[in-house]
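A, B, ... follow the sequence lines: proteins, then strands. Residue 1 opens every chain.
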Amino acid sequence: MKAAWLAASVAFAAALVALWQVAADHGLVSRVFFPAPSRAFDFLGEWAASGELWGPLAGTIWRTLAGWLGATLLGVALGAAIASSAVTRDLFEPTVEFLRPMPSSAMIPPAILLLGLTDGMVVAVVVFGSIWPILLGAIHGFRSVEPRLMELARTLRMGRMHRLASIALPNALPEIFAGMRVSLAIALIITVVAEMLSSRPGLGQMILFAARNFRSAEIFAGVFLLGALGYFFNAVLERAERHFLRWRPAVGNG
Amino acid sequence: MAQPIFAFRDVSVRFGATPILDKVGFDVAPEEFLCLVGPSGCGKTTLLRVAAGLIRPQEGRAEFEGRAVAEPTPELAIVFQDYSRALLPWRTVAGNVELALEARGAPRAGRAAEVKRLLGIIGLADHAQKFPLQLSGGMQQRVQIARALAQRPRILLMDEPFGSLDAMTRQALQDEIARLCKAERQTVVFVTHDLEEAIYLGDRVVALEANPGRVVEIVEIALPRPRDQLTTREHPRFLEYRHRLFGHLAKKEAE
Amino acid sequence: MAQPIFAFRDVSVRFGATPILDKVGFDVAPEEFLCLVGPSGCGKTTLLRVAAGLIRPQEGRAEFEGRAVAEPTPELAIVFQDYSRALLPWRTVAGNVELALEARGAPRAGRAAEVKRLLGIIGLADHAQKFPLQLSGGMQQRVQIARALAQRPRILLMDEPFGSLDAMTRQALQDEIARLCKAERQTVVFVTHDLEEAIYLGDRVVALEANPGRVVEIVEIALPRPRDQLTTREHPRFLEYRHRLFGHLAKKEAE
Amino acid sequence: MTLRRLLLGLVFPVALLAAWEVSVRAGLLSEDVFSRISRIVPALLEGLADGTIVARTYETLAAALFGWAIAAAIGIPLGLVLGLVRPLERLTLVTIEALRPVPSAALIPIVLLIFGFSLELDATVAAFACLWPVLIVTTGAVRGIEPRLLEVGRALGYGALARIWHFALPAALPGIAVGLRVAFGIAIVVAVTVEIAANPRGLGYAMITAQQSLRAEVMYAYLFWIGLVGWLINVAMIRAERHWLRWYWAARGAA
Amino acid sequence: AQTKITIGYTGANTFVPAFVAKDKGFFAKNGLDVTLTRIPVGSTIPGALMANSLTVGTLTAPVFLAANDNGIELVIIAGASLQSKANPTAGVVAKTGSAIQKPADFVGKKVGAPGVNGLQDILFKKWLKNHNVDWKQVTFVDAPFPQMGAMIQGGQLDAALPVEPFVGRIVGTKAGYLVANYPVEVSDNYLESFYAVSKKWAQGNAAAIKGFRAALTEAVAFAKSNPDEAKKTQITYLGLPPEVVAALPLATFTVDVQPAQVAFWLDMSREFGLVKTALKTDDLVAK
Ligand SMILES: Nc1ncnc2c1ncn2[C@@H]1O[C@H](COP(=O)(O)OP(=O)(O)OP(=O)(O)O)[C@@H](O)[C@H]1O
Ligand SMILES: Nc1ncnc2c1ncn2[C@@H]1O[C@H](COP(=O)(O)OP(=O)(O)OP(=O)(O)O)[C@@H](O)[C@H]1O
Ligand SMILES: [Mg+2]
Ligand SMILES: [Mg+2]
C-alpha cells in the first residue's frame, strides 16, 4: 500500500518533468529560460562520466553536513546552558533573540572579510544560519520537562547526570529533531549561496559558472541535483528520527 | 492504635494569600490502609504532596517515623493523579519500572526478573515492551503503581489512582490493590473523591471539607475483609458510613 | 408503551472485519429518559453515532419518527464523549452556544438572551466570555450540553457526559439534567458506563455486552421521581436493579 | 527584577562591542576589515538622516512582502486542498519534497532573464522559497484538525463549504499563522540574498556595494540595521499573532 | 524628446567617461536622458539587458560572448577602455618570498582570478600558453579583487590577477610583488571593456546610439584635459574614498569599436572552448 503510493508519487513527479519536456520540444517555453529537462540530464550524465561532478558534489555535501552538525552540537549545548538557569537565560536570550531573525546571507560579506574565501567561512555561515531552529527547539525542549517528572526525579533522589541523561535530553529530543530537520534544508541552501558568493568548488559554484555563461540547462542540472540531494538528506534524517522517537504515537503519517 | 508510622501535625498551606489547608492533623498507623476523601479542590493532592515532601507547609509538618519530612525520599512512593505526565514517554513499560530500581541502585543482574514480577502483579506482563503512549489510561496508571512498588517504599501514597478507569477495570484493580497491600503489609494513604471507593478500600476514612481544607470526620471502617464488590457494598454498615460521610461532603458543596 | 419516537432496527456495524455491533434493536418512547450501559469498548459510542446519523450501519437502520436516519439532522442533538475536542476553541463559551442558534437560524436579536438563559441553567453564566481551553473538563462538558439544548432537539443524545466530573459536581448535574429533561419533556438517550448513574437517571436501562455489542437486558426502572442522591440510592429496588445488571456486565467482563 | 534582566541581557552585547572597539584601536584587528563601532554608528546615523537607508529598507521590505503574499496566496489554498484530500497529498509528496530543498538562489539567473532587475526578481525568488513552509504547515494544520469539530458542523446541519469556512479554516489558523511568520523571515533573507547576488536594489545591494567600495563601516552599519529590522518585524508579527489568535494564546498562557 | 536610457555599470574605473558625460550634461545635449545604476555582479548585466531593466550595460568580452553564444543576443555600441603598454592597469602579483619570476614558475601554484573564465583569467592563460606553459597545471581560484591581498597574505593564494587600484595596494603593503603586466604582453591596445545593448533595442534606436557615442567622445576629451575633475566622479559613482581616487590613474579610454577588435576575443574564446556556436564579429557590433 505504502509502496504503491510512493510509486504513484514518483510517477506524478516524472509526469510533470515529461510535460515540461514536451513543452520544450514543441517550443512552447523559451529555450533560454526553460531548456528541455533532457538536456539538463545529459549534462548530469556528462559530468558524472567525466568525473567533474564528484569533487563539487562532495564539497557541497561536506560543507553542508559540517555546518549542520556544528549547528546541532552548538545548538544543543547552548540550549542546555540557556535552559539550565534563569541567569544564563537572562544573559544570552536577548542576544539570541536579536541575532535569530538576522538574514544569514547578510552575514556572508562580513564573513568573507573576516575569514576569507575559505571552507571555514562557508561552514561558519552555515552554522550561523542553521543553528536557530535547533537552538530554539533545544531550549524549549529542555525547559518543557514535565514538572511531574522532575518531582519523580526528586522522589527517587536521582543525580544531576542521571537526570540530564534520563529525563532532560530525551524530553528535548523530539524538538531537537524537529529543529534539525528544518536546519538541514537551511544548511543546504546557505551552503549553495555561500559557495556562489565565495566560489568554493561545489554545486553552488557550478551553478554560478553556468549562470555566468547563461547555460540554463546546466543551471537546471544543478537544481535537479540539489533537489535530489535534499530529498535524500531528509529521507535519511527521517529514518533516524523514526528510530529514536519510536516511543511517540505515529503522527497520521501512514 | 499502634505507634503511628506517619503523621500530619497541624499542616497549613497557602498558595499566595488563599488558604488551602488549615491545620490538618491526623496519624497513619503501620500497615493501615487510610483513605482520604473530599470534594474536588479541597486540597487532597496538596496534602499528599506535603506528605511526599514535595511541598513545605507554611505551618505544621508531616512526620515520618517521628522525623519531619523536609525533602522527598524514596521511602515514600507517590502515585501521581495525572498519570499520563508521570511516566517517561520515551521508556518502555519495563524501562519505566526499572527507573525506580536504577535509582535505588538495585544490582543490574536482578532487575529484569524484578520488573517482570511487578508487571505480573499489575497484569501488564504482556505489554512490557510497549511505550506509555501506546497504552490506555488505566494501563498507564498501573505502570505508575508498579514503579511505586519497585521503590519498595515504607509508605505508598496514591492520588486517585483509579479515577480514569472504567467501572469494571476499576473494581478489579480495587480488589487487587487491597489484596496486595494486605499481603505485603504495606502502609497506604489513598486519595479519592469517590466516597464508596474510600469506604470499600479503607481501614479508616478521613473526610476533608473545602475552603479551606479541614478534617471534618474520621470514620473507622468496620467491614470484614476480604471485601466483595457485590456483598460488601450492600452491607448495611456500608450504607450507614456512606450516608454519614455524604452528609458532610454534600453540605459543604452546597454552600 | 406509546408509539416510539425513535428506534434501532437490527443495527449491525463492522469496522473492517471486526463486528462491533450485532443486530442491536430497541425503541425509545417520546419523553423517555433511556440509559445505555455496557463495558468499555462494547460499542455504546458507536451506537449513538449511528443514532445521530454520523455512521451508517452495514445492516439495519436507526429510525426517527418512522423514517431512516441517513444524515445528521439538527433535530437530533449529540453531546460528544470527548468534550474537549467538540468545542470550537476559537469561540468563547457564549459563542459556542450561539453556534447552535446560528445554525438553526434563530433571529439575531434574541440570541444573547437565549445564550444567557442556557448558561444560567448549566451554571456557567459567569464564564460566558472565556475560551474553552481556559475551562476545566467539567465546565467544557457543560458548555456542550448547553449547545445541545440550544439546538432545541427532538431527541438529546448524550455520551458519558459526566464521565470527567468529580463526584459532587456530577451528582448535582445529574439532578439538574433529570429535572430539566422532565420539565421540558425532552426525550433522552444517555450513555454511561456507570451502572448506578444509569439506574439513578433512567426510565429504562438498556444493557449491552461486548464483542460484539449486543443487547443483553432491558430493565424498566420503577423508582419514584423526583429522585434523591441519598434515599433513591438506598432504595431496595435500586440495589436490586444494581445487583441484576451487575451480574450481566461483570460476567461478560470476566470472560 | 525586570531591570536586572535588562542589565543582564545587555552584558553580552556590550562586552562584545567594547572588545571590538578596543581591539581595533589597539591594532589587534585590522580596521579595513573590522571598521569599528565609533565609525559604524555615525555611518548608520548618516544613512538614516539622508534617507538612503530608509529607501533601501523600503525596497527590500516591499519585495519581501510581495513575494510572501504570493506564497500565501498559492500556499494556503493549495495546503487546504492537500490537507483535506488525502490522496492528492500522497500523490504530490515526492514532487514537493524534491522541490523544497532546491536553493532558491539557484533560480536567480533564470528569473533574472525573465524579470530583469526589479522588485519582481526579489519577489519571485522569495515566493518560491516561502511557498514550501506555508504549504507544508497549512497541509499539516488542516490534517491535524479535530475530526470531531467537523462532525459538530455536520450535526448542526452546516454544508460542506460552510464547514470549511466556519470550522476547518479557523482550526488551522494557528498553524498557518506560524507558517506565515516563519515564511516572512525567509522572505527577507531571500530578498537580501538576491540583492547581494544580483539585484541592484534594497539593503543587500547597499551592503555588497559598500563592501566593494572598501567602506567596511557602511557595510557593518547595514548589517546592524538589517538585524534590527528583522528583529522588529519578528516582534511585530508575534504581537499580531497573539492579538488575532487570542483564543489560542489565552489557553497557552494559562496552561 | 529625450530618449530615456538606463546604464548599468560595474565597479571599475574604466567607465569614467560615462560618469563625466552624465555630470557634464553631454548625454542630455545628445538627446539622452540617462540614469546610471551600479551593478555589483557584472555577469548579471546581460540578463538585465534581455529583460529590459537596463538599456545599456558595461561588459567585458568573455561575458558578452558567452551571452551571445547561449542565445542572449547583444551588440556593442561603444568602447570604454583599452589596455595598453603605455598605461597598464592589470598584472599578476605573487606572494612575497615565493620566488615566482617567470611564466614557468606558476606551474603547480594557486592563482586567484576574479571569475574563472573571466577576462583576466583568459588573458593569463593565453600568456602562459604563449610562453609554452601548460595552464592546466596551474590551479585557478575564484577571488574577488578586494580579497586578493588578504588571501595572498593568508597563504590561500600563491599569486593573483588584480587590476588597479588593487595592484598598487597589494604591492604597497609588501604582501606581494608585481611579476608581469601579462595582459599587455599578450596584446597591446586590445579592447578591454565596452558598452552593449540588446540587439532588439539597437535595431530601433540608431539615433540614440549615435548620440551615445557622441556624448562619450566629448567626455573622453574632457577627461583628457581635466583629469582631476574626471577622477572625482568616481567618488559619487563608485563610492570610493577620496584618497583612493586621487591615487588612481585614469584608464585608457576609447569609443569606436572595430569588428577586428572583437575578433581578437572571439578567437581566444574559441581557443579556450568558451564559445561553441558560429558567432560572426560583424553581427556583434552595432553599425
Ligand atoms: N500551584 C498552585 N498554585 C495556586 N493554587 C493551587 C496550586 N495547586 C493547587 N492550587 C489550588 O489549591 C486547591 C487545592 O488543590 P488540590 O489539587 O490539592 O485539590 P484536590 O483536592 O486534589 O482536587 P481534585 O479532587 O480535583 O484533584 C485548589 O483550589 C487549587 O486551585
Ligand atoms: N473508527 C474506528 N475504527 C476501528 N475501530 C473502532 C473505531 N471506532 C471504534 N472502534 C472500536 O469499536 C469498539 C467500540 O468502540 P466505542 O467507542 O463505540 O465503545 P464504547 O462502548 O463507547 O467505549 P467507552 O465506554 O470506552 O467509551 C472498540 O473496540 C473500538 O476499538
Ligand atoms: Mg487532586
Ligand atoms: Mg464511548
Side-chain angles (χ1 to χ4, degrees), chain A residues 5-6 8-10 12-13 16 30 32-34 87 90-95 97-110 112-114 129 184-185 188-193 196-197 203-204 207-208 210-212 214 216 219-220 222-223 226-231 233-235 252, chain D residues 4-6 8-13 16 32-34 87 90-95 97-110 112-114 129 132 143-144 182 185 188-193 196-197 203-204 207-208 210-211 216 219-220 222-223 226-231 233-234:
Chain A
W5 272 114
L6 185 66
S9 188
V10 170
F12 181 79
L16 287 184
S30 152
V32 180
F33 304 157
F34 296 108
V87 173
D90 291 346
L91 210 51
F92 292 107
E93 210 168 51
T95 311
E97 280 304 303
F98 182 77
L99 287 178
R100 194 168 60 82
M102 174 89 83
S104 42
S105 48
M107 295 303 285
I108 297 176
I112 291 175
L113 276 188
L114 303 182
L184 190 54
L188 183 58
I189 291 173
I190 297 178
T191 303
V192 169
V193 173
M196 283 178 159
L197 290 173
L203 296 180
I207 289 176
L208 179 76
R212 268 195 202 152
F214 313 98
S216 314
I219 297 177
F220 277 107
V223 165
L226 285 167
L229 197 60
Y231 187 84
F233 278 163
N234 204 43
Chain D
R4 196 190 85 107
R5 285 187 66 173
L6 188 72
L8 273 176
L10 284 174
V11 167
F12 196 65
L16 199 72
D32 278 356
V33 172
F34 286 92
R90 293 176 157 191
L91 205 57
T92 51
L93 183 74
V94 168
T95 309
E97 283 301 305
L99 281 174
R100 199 162 65 93
V102 167
S104 46
L107 303 177
I108 295 174
I110 311 256
L112 175 67
L113 287 174
I114 301 173
W132 311 113
R143 194 135 52 75
V182 170
I188 295 179
V189 175
V190 173
V192 171
T193 308
I196 288 176
L203 293 166
M207 248 185 116
I208 195 78
Q211 190 227 31
M219 184 192 73
Y220 285 111
Y222 272 101
L223 184 65
I226 289 173
L228 192 68
V229 169
W231 180 75
I233 286 173
N234 193 43

If one checks every heavy atom of D/L228 against chain A at 4.5 Å, the contacting part turns out to be both
The interface call for D/V11 against chain A, heavy-atom contacts under 4.5 Å, is side chain
Chain A shares the most heavy-atom pairs under 4.5 Å, among D/L223, D/L99, D/V102, D/I226, with D/L223
Greatest number of non-hydrogen atom pairs under 4.5 angstrom with chain D, of A/S104, A/A13, A/S9, falls to A/S9
query: Is any side-chain heavy atom of A/V87 closer than 4.5 Å to a side-chain heavy atom of D/R4?
result: yes
Do the non-hydrogen side-chain atoms of A/F12 and D/T95 ever get within less than 4.5 Å of each other? yes
Self-check item: A/M196 and D/I108, any side-chain heavy atoms less than 4.5 Å apart
Solution: no
Interatomic distance, CZ@D/R100 vs CG@A/L188, rounded to 0.5 Å, equals 11.0 Å
If one checks every heavy atom of A/F233 against chain D at 4.5 Å, the contacting part turns out to be neither
Open item on the list: Quick check: do D/L10 and A/P94 have side-chain heavy atoms less than 4.5 Å from each other?
Closed with: no
Whatever's closer than 4.5 Å to a heavy atom in chain A on D/Y220 counts as side chain
Per-residue tally against chain A (heavy atom, under 4.5 Å) across D/L16, D/V192, D/I114, D/I208 peaks at D/I114
Counting heavy-atom pairs under 4.5 Å with chain A, the top scorer among D/V229, D/T92, D/L203 is D/T92
Looking only at D/I196, D/V190, D/I188, D/V182, the option with the highest number of non-hydrogen pairs under 4.5 Å against chain A is D/I196
Worksheet item: Should the pair D/F12 and A/F92 be assigned to parallel (<30°), tilted (30 to 60°) or perpendicular (>60°) ring geometry?
Response: perpendicular
The interface call for A/L16 against chain D, heavy-atom contacts under 4.5 Å, is side chain
Comparing D/G9, D/G230, D/A191 against chain A, the one with the most heavy-atom pairs below 4.5 Å turns out to be D/G9
Rounded to the nearest 0.5 angstrom, the CG-CZ distance for D/L113 and A/F34 is 10.0 Å
Smallest heavy-atom separation, D/W231 atom then A/E97 atom, equals CD1-O, 3.1 Å
When the 4.5 angstrom heavy-atom criterion is applied to A/V192 and chain D, the contacting part is side chain
Heaviest contributor of heavy-atom pairs below 4.5 Å to chain A, chosen from D/I233, D/I110, D/L112, D/L91, is D/L91
